[in-house]
Amino acid sequence: MNDAQILRPSGQQALLIDGKAAAAAITARLGAEVARTGLKPGLAVVLVGADPASQVYVKSKGKMAHACGFHSVQVDLPADVSEEVLLGHVARLNADPAIHGILVQMPLPAHIDPARVIDAISPAKDVDGFHPLNVGRLASGATASALVACTPAGAMVLIEAAAAALGRSLRGMEVVVIGRSNIVGKPMAQLLLQRDMTVTIAHSRTVDLAAVVRRADVVVAAVGRPEMVRGVWLKPGAIVVDVGINRLVGEDGKSRLVGDVAFAETLDHVAAITPVPGGAGPMTIAMLMQNTFEAAKRAS
Ligand code: GUN
C-alpha cells in the first residue's frame, strides 16, 4: 500500500486516515515475511485477572499473532496472583528461546508494582517498549536498537503517511501532543522530535489548551477524555491523529466508541484525521506484531 491509499474521502474537506487498511497492509507484509524466511516469531501475552476490556485486547493480540504465522501463547493468571509468581512467569518466558516478545497486559491489580514487572522483562523481548532501557534508547535517539511503544509508533506511521500523501514535509512543523503518559504522550513526543518537528506536550494543567492546539500543524490527542478537543480548536489544514478510545453510552443504552476529538466538528476544515474506531487503534496491534518480528530477527 502506498501513502496515498491510506487517505479516503470523508464527504467534506477532511481526508480520513485509514488506520485499519494501513494496519492490514503491515500485518500482511509480516505474514509474507514469516512465510518467506521461515522465521517463527513467538509472542507471549500475560493477562492477570479477568478485566473484560483487557480480555478483549489480549484475545485480539493472540488472534493477530496467529494470523501473521507467529507462535502465540497466552498466560492467564488469577487476579490475586502474587508478584513473585508473576515475576517467575516473566523469568521463564525470558529464558524461553521460542518466545521473542513478552507483553504483560496493563493495568495490573493494585498489589502488583507494574514498574517491577516491566523491569523484569528482558529488554530484547520488551515488545511493548516500556522497559527503561528501551525508553532511554528512544529518548537518546538510538531508534535502531530500541523497541518503541506500539501506540505512538503506529501513530507516527499514520502521520508520516498522511503528510506524504498531502505532499508535506514534517520538518520544522509545529506538533502538539495532548497527554503526557509514559505509554503514549512521552514516546510520541520523542518520535516527533526525531522527525525534526517542533514539539509541544500539552496536558491537563496546560493553560489555554485551545490556543496551544490552534498553533499546531499536527495534533496527536491522547488524553482519554471523550471529544474533549473541539473542532474550533484545530488550525485549518491540520493533520489530526486521535489516539483516544472512549466508550459512551447513549440515552438508548447503546454504547459507541468515540475519540478524544469531536470528530464531526473537524471535517469541514482539517486536512486529514483518523476516525475512531478504525484509525490509530488497529495500528497498535500491527506495531506489536512488527516489534515481535523485529525481536525475532535480532534473536536469530
Ligand atoms: N493496556 C492498554 N494498552 C496496553 C499496551 O499497549 N500494552 C500493555 N502491556 N498493556 C496495555
Side-chain angles (χ1 to χ4, degrees), residues 19 23 26-27 42-65 72-77 79 81 83 86-87 89-90 93-94 99-110 112-135 138 146-158 177 179-188 190-191 220-225 241-247 257 259-260 276-277 279-292 294-295:
I26 290 167
T27 52
L43 174 65
V45 179
V46 180
L47 176 62
V48 179
D51 174 68
S54 291
Q55 283 176 324
V56 170
Y57 288 133
V58 164
K59 196 169 160 201
S60 53
K61 287 167 186 173
K63 260 171 76 174
M64 185 56 79
S72 166
V73 296
Q74 183 173 330
V75 179
D76 287 302
L77 300 172
V81 71
E83 193 172 276
L86 173 57
L87 291 173
H89 282 279
V90 170
L93 294 165
N94 280 341
I99 296 298
H100 306 98
I102 303 168
L103 179 150
V104 178
Q105 185 68 21
M106 303 291 165
L108 288 166
I112 296 176
D113 176 3
R116 248 193 111 195
V117 176
I118 290 166
D119 285 1
I121 297 171
S122 162
K125 297 190 179 189
D126 167 40
V127 284
D128 259 329
F130 293 169
H131 190 283
L133 188 71
N134 284 314
V135 173
L138 173 63
L147 286 165
V148 177
C150 300
T151 299
M156 194 67 241
V157 171
L158 297 181
V177 178
R180 55 178 158 179
S181 70
N182 290 334
I183 295 183
V184 186
K186 287 178 198 162
M188 185 79 247
Q190 298 289 358
L191 289 172
V220 180
V223 268
R225 291 179 59 183
V241 170
D242 188 350
V243 173
I245 302 177
N246 311 286
R247 193 169 287 282
L257 293 179
D260 292 345
V276 176
M283 287 300 285
T284 296
I285 290 189
M287 300 321 281
L288 176 66
M289 300 303 131
Q290 184 156 300
N291 277 351
T292 305
E294 187 60 36

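Both counts, for ligands and for their atoms, begin at 1 and track the order of listing.
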Has [X] got a side-chain atom pairing as donor or acceptor with [Y]'s backbone, closer than 3.5 angstrom?
{"X": "E83", "Y": "D113", "answer": "yes"}
{"X": "D260", "Y": "G224", "answer": "yes"}
{"X": "N94", "Y": "S122", "answer": "yes"}
{"X": "N134", "Y": "P123", "answer": "yes"}

Margin query: To the nearest 0.5 Å, what is the distance between CD1 on I183 and CG on D128?
Written below: 7.5 Å
Checklist line | Protein residues that have a heavy atom under 4.0 Å from any atom of ligand 1, sorted by chain and number | finding: L103, V104, Q105, M106, D128, F130
Margin query: What I'd like to find out is whether the side chain of M64 reaches to under 4.5 Å of the side chain of T27, using heavy atoms alone.
Written below: yes
